[in-house]
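The chains referred to below are lettered A, B, ... by the order of the sequence lines, with proteins before strands, and numbering in each begins at 1.
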Amino acid sequence: MSSYLTDVQGAESIPYRFERTHAALEISQLFGEVQPGESTGHTVSVAGRVMLLRVQGKVAFAKLVDSSGSIQLFVQHGVTDGFERFCKLSLGDWIGARGEVMRTRRGELSIKVVDFVVLAKAEASFGDKWKGISDPDIRWRQREVDLWSSKTSRNTLFKRFEMERLTRQWLFDQGFVEVETPILHQVAGGALAKPFVTHHNALGEDLYLRIAPELYLKRLVVGGFEKVFEIGRVFRNEGLSPRHNPEFTMLELYEAYADYTDMMSLTEELIAYLSIQLSDGPVVSYQGRELKLAPPWRRVTLLELVEEKLGSAVDLSMPLEELRSLSRKAGVRVEEWWGPGKIVLEIYEQLIESELWGPVFVCDYPEEVSPLARAHRSKPAMTERFEAIVAGRELANAFSELGDPIEQRKRFERQLSMRARGDEEAMSMDESYIRALEHGLPPTAGLGIGMDRLAMLLTDTSNIREVIAFPTLRKTPD
RNA sequence: GCGCCUCUAGCUCAACGGCAGAGCAACGGACUCUUAAUCCGCAGGUUGGGGGUUCGAAUCCCCCGGGGCGCACCA
C-alpha cells in the first residue's frame, strides 16, 4: 500500500499488481456493528468492479463488486485524491480503492475512499443495470458477461465445480485413487456412441476422442489399482439439446472384489451426500417437483417394469414373434434384426423411463444390450447391471464387470455383426482390452455418472449449458 | 437431421400494414449522504441478412443465418 498511480489515461498507467487487504464480504462481517454516521479509523484496500455510480456534486457513491459480494465506496471532493476522475469511471471498470471503513448517515456500510487506481477499463457494457443480459445468444456466446451480470448463473456454475470437488473428496475418503487415462483412443470403446475422429500426423493414423474411459480404467484394475476413479471429459458425436453437450464430464469408478449391489449403495450414498452438502438436505426440488434422495432408493427390475407396463408376462426366452407383437401393440416399432433383449430395452426406454421420477435403481439388463457387463448369477440372458433413474433420466449406469476374456471376445464379435447390420453405435473389437483381461480381472464392479446431468439436478436447471462454463455452440456467423 | 417459436438502439423492451419509440447505458450540464439517486440537455437504427407482395412492410410471404423449445439420438 505504498504508492498509488493516479493517472488513468491509457493502459500504461494500469499497475501490474494491487495489494488488497479485504474482500467486500469480510468488511461487512468485521464492521457490521458500526453505527450510521460513525467512522472506524480502520483503513482497508479493496478491489473489484464499479457496478453502480451515483455522482452528486461534490460527493459520489459507487457499488464495488468482487467475488465475495459488494461494498459501497463513498467518495468526496477534498477527501478522495482524484475525485473528478472517479466520477468519470464507467460501469464495469475494475478499480482498487483504499480508505477508511465507515457507515453513511443513511446507514450503508462504506469505504471513505482516500485514493484509488484503475485496474481495467470496461469498454463494453454489461447490459441493463437492473435487468442485465437475458438474450440467450449473448449469454452463451459471451459467457463471461452472463457470469458477471447474473448471480444465478455464477452460483449455478460454482455449485457444479463445488460438486466435483466434493465428489473427489468423498471418493478419497472411501479409499479410491484418482487416475487419468488417455483421451486419444485407437479404438473408441466402453460405451455405445459415435465418436469424433481426429488425426495424428507423425503416426499417420486416425485417432478417436474417447467416448468413455471404461476400458482403460479396468486395465488399471488388472494392473493392481483396486479402487480407481476418473472424472474426465468424454466426447460423443451427437446432436445438441438442452440435455446434451458433445463434450461432457463423466465420473467412472471401479472397485475390485465388489459387485453391482455395492455400486447401488455407493451411488445412493454419494448422491445423498452431495445433495446435503450443496442444498439444505437430501430432499431437493427439481423443476417444481420434490425429489427425495436419501437412501435407500427403490430397486426394481427392468423386466418387472416392462411387464407392468404391458400388462402381461414377458420373458427373454419367449418366442421372438410373440415379443415383437407385444411391442408393436404397445406402440414401439421393432427393427428386424433386434433380439429379445433389444426389444425389451426399447419398450422400457420409450414408454417407461421418462415416467420414472425416482430415484430408482432399474436392475438387470439383457446381455444383448450390455456387452461389457457380467452375466447375471441366476437369471439367464441377463446381466448384473443397473441404471439409476432420477427425474425421468438416466443418472448412473453400473454393473458387475465381465472379466472373462473369451466371453468378452464373443460379446465384441456380436457387436461387430450389429455394426455390420448398420448400427453405427455398436462397439468395435478391442484386442488390447481382451489381452488385459487374459491377465486376470478380479471380480470388479464399475459405475459411471454423468456429472453435468447430476449438476443440473442439484442446481435445479433444465438446460445443460447452465452447468457448463463454455458450452458447445454453432460457429458464429460472419 | 426434422418441426414450432424467436431475432427492433450497447442492454431490456414497445410499436403488429400507415412518420421506428421508451427506460437504462453512453455523451454534455446541475447537485456535499445516495441506494436502479434525481433533474435538464444531446445523441443513438440497413428493425439478423437477402428477395418478394403492397400506394406503403419492423409488421404479410419465400430463402439464408443465429438462438430457444420439442422430436430423433444419447448421458
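- For A:E394 and B:C73, the CD to P distance is 14 Å, given to the nearest whole Å.
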Its dot-bracket string being built from Watson-Crick and G-U pairs below 3.5 Å, with | for another strand and [ ] for crossing, RNA chain B has the pattern (((((((..((((....[..))))..((((.......))))......(((((..]....))))))))))))....

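- A gap of 26 Å separates the C1' atoms of B:A14 and B:U53, to the nearest Å.
- One atom, CD1 of A:I138, and another, P of B:C13, lie 10 Å apart when rounded to the nearest Å.
- Of the P atoms belonging to B:G28 and B:C61, the separation is 45 Å, rounded to the nearest Å.
- As rounded to the nearest Å, B:G49 and B:C11 have P atoms that lie 14 Å from one another.
- Using atom C1' as the reference point in both B:U54 and B:G45, the two lie 24 Å apart (nearest Å).
- The CD atom of A:E335 sits 13 Å away from the C1' atom of B:A72 (whole-angstrom rounding).
- Look at the P atom in both B:G3 and B:A15: the space between them is 29 Å, to the nearest Å.
- The aromatic rings of A:W148 and A:F126 lie tilted to each other, with the angle between the two planes from 30° to 60°.
- A distance of about 10 Å separates the P atoms of B:C19 and B:A58, rounded to the whole Å.
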Table please: side-chain donor-acceptor pairs of residues 51-61 of chain A below 3.5 Å, with sequence neighbours left out.
| residue | atom | partner | partner atom | Å |
| --- | --- | --- | --- | --- |
| A:R54 | NH2 | A:Q72 | OE1 | 3.2 |

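- Separating the CD atom of A:E108 from the C1' atom of B:A36 is a distance of 13 Å, rounded to the nearest angstrom.
- Counting heavy atoms from C-beta on, the side chains of A:L302 and A:D364 never come closer than 4.5 Å.
- Checking A:N397 against A:K112, the closest nucleotide of RNA chain B that is more toward the 5' end is the one next to A:K112.
- Ion pairing between a basic and an acidic side chain is recognised when a charged N comes within 4.0 Å of a carboxylate O; A:E100 and A:R98 show no such pairing.
- The nearest heavy atom of RNA chain B to A:A396 and to A:M102 marks one nucleotide each, and the one closer to the 5' end goes with A:M102.
- Regarding A:L240, its CG atom lies at a distance of 14 Å from the P atom of B:G70, rounded to whole Å.
- At least one side-chain nitrogen or oxygen of A:R141 sits closer than 4.0 Å to the OP1 or OP2 atom of B:G67.
- Classification of the A:F116-A:F86 ring pair by plane angle, with boundaries at 30° and 60°, yields perpendicular.
- At a cut-off of 3.5 Å, with distance as the only test, a side-chain donor of A:E230 or A:T181 sits close to an acceptor on the other residue.
- Atom C1' of B:A9 sits at a distance of 15 Å from the matching atom of B:C27, rounded to the whole Å.
- Heavy-atom neighbours of A:R299 CZ from other residues, nucleotides or ligands within 6.0 Å: above the threshold of 12.
- Residue A:D452 is out of contact with every strand shown, counting any heavy-atom pair closer than 4.0 Å.
- In the model, A:R139 has no side-chain atom that pairs as donor or acceptor with a side-chain atom of A:S150 under 3.5 Å.
- Within residues 50-70 of chain A, the residues approached by RNA chain B to less than 4.0 Å at the level of any non-hydrogen atom are A:L52, A:R54, A:V55, A:Q56, A:G57, A:K58, A:V59, A:F61, in residue-number order.
- In this structure, A:Y348 and A:Y365 have perpendicular ring planes: the angle between them is above 60°, well past the 30° mark.
- Atom C1' of nucleotide B:A25 and atom CD of A:E123 are separated by 14 Å, given to the nearest angstrom.
- Within 4.0 Å of A:N245, counting heavy atoms only, lies at least one base atom of the nucleic acid.
- Taking every heavy atom of residues 124-137 of chain A and every atom of RNA chain B, pairs under 4.0 Å involve A:G127, A:D128, A:K129, A:W130, A:K131, A:G132, A:I133, A:S134, A:D135, A:P136, A:D137, by number.
- Nucleotides B:C13 and B:G18 place their C1' atoms 23 Å apart, quoted to the nearest Å.
- The cationic group of A:K227 lies under 6.0 Å from the six-membered ring centre of A:F176 and within 45° of the ring axis, placing it in a cation-pi geometry.
- Within residues 338-357 of chain A, no residue has any heavy atom under 4.0 Å from RNA chain B.
- When side chains are defined from C-beta on, A:R49 does not count as touching A:L91, because their heavy atoms never get closer than 4.5 Å.
- Checking the phosphate oxygens (OP1, OP2) of B:C69, a side-chain nitrogen or oxygen of A:N463 falls inside 4.0 Å.
- Around CZ of A:F161, the count of heavy atoms belonging to other residues, nucleotides or ligands within 6.0 Å exceeds 12.
- Within 6.0 Å of atom CD in A:E144, more than 12 heavy atoms from other residues, nucleotides or ligands are found, so the atom counts as buried in its surroundings.
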Counting only pairs under 3.5 Å, give me each side-chain donor-acceptor contact of residues 267-274 of chain A, with atom names and distances, residues two or more places apart or in other chains.
| residue | atom | partner | partner atom | Å |
| --- | --- | --- | --- | --- |
| A:T267 | OG1 | A:M263 | O | 2.7 |
| A:E268 | OE1 | A:W297 | N | 2.8 |

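- A:T461 and A:R160 share no donor-acceptor pair across their side chains, judged by distance under 3.5 Å alone.
- Between A:E38 and A:F31 the shortest side-chain heavy-atom distance does not fall below 4.5 Å.
- For the pair A:R236 CZ and B:C73 P, the interatomic distance rounds to 15 Å; values are reported in whole Å.
- Atom CZ in A:R243 sits roughly 12 Å away from atom C1' in B:A72 (whole-Å rounding).
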